[in-house]
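One is the number of the first residue; the rest follow in order along the sequence. Hydrogens, waters and symmetry mates play no part in the numbers below; they use all other heavy atoms, side chains included. Quick caveat, the model's predicted, so the values are computed rather than measured.
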Amino acid sequence: CWSTRVEHYPDKEGALPDIVQCDALVVHRGTLRDGRVVGAVDPQTCRGEISCSWCLHSPAILEVRGEPAPFRYARRFADIDALITWAEQNPEALWENARRVDAVFGKHNLSSSTDHLLAFTVHTWLANSWWTEPAGKEWFTVWEGSCYYHSTVDVEYTQAPFYLSVWPELLGLELDEWPGFTVGGEAVIGERGQGTLVFEHDMGQLHACNRTCYDHRMPVEENTNYVLLSWAYWRRTKDDSRARRHAEAIEKALEFVLRCDSTGNGVPDQGVANTIDDATPAVQYGKEQVYLAVKALTAFLVGAELLESVGRNQRVFAFRAQAEKISRVLQDQAWLGDHFATLVDPSAEGVLDAWTGKPLGVERLPGWDAAHIYTANGLVLLDMMGMRAPVDEERLRTDLRIATRRCLTQYGCRHSDYGPSSSAEARGAQETAYANRIGWMSMNMLRDMAAFYRGVDLTNLSSRYWDFQVLTNTQGPNLFFETFHGNNLCFYPRGVVVFGYFEALAGARIDRVEQKLEVVPLNAEVEVPLVFFADWKTGAVPSVAGGKLQGEVVWT
């Protein structure tokens, strides 16, 4: 047993003292010799076996609201000695559990690339996760990989299929935490935002959850993300305690999105800078984005349902009316014959660069009419619960096929199929030289889920995603690498969205509130587990195979 001093990177609030982390190597079979575990090999069978446990125990590293937050495991293991004792007494426990868990997730007939992604992404996510107990209260947060932001709302939204199908309790903890990181809507849109609120991008950075740290706000996007996550958590778990606690915040968040429509057509045109921060201006902060229009539409619908369920009915009618407006705009103005446009309004008037705050110097945003992969982004959580939004399904299927084909590159789909026709055009719109080639892995996977639910088979793309992970990790230990041709989002947690493939390929609609389960698989060849119903103690899990449900479903 030995101790290691770990230095901290300083942040804007100053550095914590060095942390003393305790390590121990417990040998079950074999001999510890000079820091190595060695064992004999039988000369007759050429076989041998060694077994050991590496134990680590750290003091509180994370800081929450200025208070130290001990790791949750300290509740069970007070110090390194308690952990060593447990490892000595339970030498096979972790292996037995791993075999059970692997058997649950391995009950599928998907490609080996999907299998690799499942294992690779969950380990990357685990490396970013913090489960702590400041002042005796559970606090869960996830680093945003190489950015080190804590529980970025848009990142956790993309990861939601993992939480909803595997571990919804963790999402519930975050839903309680995010309302503490909000600002009044007037800080974003002035007097028009009085009486509303905006969810910030993150809960902090590095070792501190004290205040948000990102460079610019993403108000419409993060507000709709929080509402959609709150609704999906409620429908999947039947736990309405979070909705009741935060009903006022949900209502004020929706009210802000409503007031970001300054034209009266329903589609937000203010507060629209989004998370796609290495894309062209049309994709990243153009006004009246189709991406955010769909998210606002779904957030108004499900938010109204959620507020109604907890008896907060004052603005329900107005929110549903706003959803109807957006639906009409998508139907009448956003459809361009074979795909949905990037923007409903191509005008650059009033559009400011989200990073510099300066006008763009063009009349219309280039690429406003491009096909893009974000139309259905705001629909997936509804798909998982079996709710349909008023967006033409046949057009959605066509858009998914066309946009995928036009945006496809060697490693997946880029943001949109727009490319500047000249360097002067790119400079005029303040675009980077490579912005038309950038793509994000997890956004591709979430798009794939929307496609599976609509009968569009994109299963062949997983091999491209895995090829990119192999490429980047042969150049260094990058773990899950989110971006190609873009910024440096490595050891990134968001890849766990791939765990949503199971439900999407099964066409599973699981609603705990109504205790309703429906499966409409992509095809009869699909074989996948319904992980939400897994018995983790025994490893039993129902599945979808041969076009129908197999095994016993137990609602717990």
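- Here Glu514 pairs with Arg235 in a salt bridge; the nearest charged N to carboxylate O distance falls below 4.0 Å.
- Residues Ser151 and Thr141 have side chains that bring a donor and an acceptor to within less than 3.5 angstrom of each other.
- Put simply, CG on Leu307 and CG on Leu254 are 6.5 Å apart, with the number rounded to the nearest 0.5 Å.
- Closest approach of Leu489 to Cys147, counting heavy atoms only: CD2-SG, 3.4 Å.
- No side-chain donor from either of Asn128 and Tyr148 sits under 3.5 Å from a side-chain acceptor of the other.
- Side chain to side chain, Ser230 and Arg242 fail the donor-acceptor criterion of an N or O pair below 3.5 Å.
- Within the 3.5 Å criterion, the main-chain N or O of Leu175 finds a donor-acceptor partner in the side chain of Tyr226.
- Checking Tyr149, Tyr492, Trp130 one by one against Trp143, the ring-ring contact (aromatic ring centres under 6.0 Å, His included) holds for a single residue, Trp130.
- Thr275 contributes atom OG1, which lies 8.5 Å from atom CG of Asn225 (distance to the nearest 0.5 angstrom).
- Closest heavy-atom contact between Ser165 and Glu503: CB-OE2, 3.1 Å.
- Considering every non-hydrogen atom in both Arg397 and Arg454, the closest pair reads CD-O, 3.0 Å.
- Between the side chains of Ser53 and His28, at least one donor-acceptor pair of N or O atoms lies under 3.5 Å.
- Annotation: the span from Phe491 atom CZ to Thr124 atom OG1 amounts to 10.0 Å, rounded to 0.5 Å.
- When each of Trp167, Trp536, Phe499, Phe162 is checked for a side-chain contact (heavy atoms from CB on, under 4.5 Å) with Val531, only Trp536 meets the rule.
- Side-chain atoms of Ser462 and Ser111 form a donor-acceptor pair, as typed in the model, at a separation below 3.5 Å.
- Taking 4.5 Å as the limit, some side-chain heavy atom of His415 sits within range of a side-chain heavy atom of Ile438.
- In this structure, a donor-acceptor pair under 3.5 Å is absent between the side chains of Asp278 and His485.
- Here the closest heavy-atom approach between residue Leu62 and residue Cys209 is recorded as CD1-SG, 4.2 Å.
- Side-chain atoms of Glu482 and Ser442 form a donor-acceptor pair, as typed in the model, at a separation below 3.5 Å.
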Legend entry - salt bridge (Lys or Arg N to Asp or Glu O under 4.0 Å) between Asp383 and Arg509, intermediate numbers included: CA-CA 7 Å; Asp383 293 334; Arg509 281 85 172 177; 5.8 Å; no

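- More than 12 non-hydrogen atoms from other residues, nucleotides or ligands lie less than 6.0 angstrom from CH2 of Trp555.
- Between Phe181 and Met203, the shortest heavy-atom contact is CE2-O, 3.4 Å.
- Atom NE2 in His116 sits 11.0 Å away from atom OG in Ser463 (nearest 0.5 Å).
- Under the 3.5 Å distance criterion, with hydrogens and angles disregarded, no donor-acceptor pair is assigned to the side chains of Gln289 and Tyr374.
- Stacking of Lys295 on the aromatic ring of Tyr157 is recorded, both the 6.0 Å distance cut-off and the 45° axial limit being met.
- Taking the ring axis of Phe532 as reference, the NZ or CZ atom of Arg236 stays within 45° of it and closer than 6.0 Å to the ring centre.
- Side chains of Asn274 and Tyr291: a donor-acceptor N/O pair is absent below 3.5 angstrom, by distance only.
- Evaluation of the side-chain hydrogen bond (donor to acceptor under 3.5 Å, both in side chains) test over residues 309-319, restricted to residues two or more places apart or in two chains, returns Glu251-Arg312, Glu255-Arg315.
- Note on ring orientation: taking the six-membered ring where Trp is involved, the planes of Tyr501 and Phe452 are perpendicular (angle over 60°, cut-offs 30° and 60°).
- Between the side chains of Thr152 and Asp154, no donor-acceptor pair of N or O atoms lies under 3.5 Å.
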Legend entry - salt bridge (Lys or Arg N to Asp or Glu O under 4.0 Å) evaluation trace for Arg406 with Asp338: CA-CA 12 Å; Arg406 292 183 183 175; Asp338 63 357; 2.6 Å; yes

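- For the 3.5 Å distance criterion, the side chains of Asp261 and Gln322 qualify, holding a donor opposite an acceptor.
- Residue Phe199 comes nearest to Asn223 through the heavy atom pair N-OD1, 2.8 Å, listed as atom of the first residue, atom of the second, then distance.
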Inset, instruction - Just do the salt bridge (Lys or Arg N to Asp or Glu O under 4.0 Å) check on Lys137 and Glu133 with the steps written out, would you? - result: CA-CA 5 Å; Lys137 182 180 179 181; Glu133 287 192 326; over 6 Å; no

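- Side-chain N/O atoms of Tyr163 and Glu156 include a donor and acceptor closer than 3.5 Å.
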Listed pairs under 3.5 Å, donor-acceptor, residues 326-333 side chains, sequence neighbours left out:
unit_1	atom_1	unit_2	atom_2	d
Ser327	OG	Pro390	O	2.7

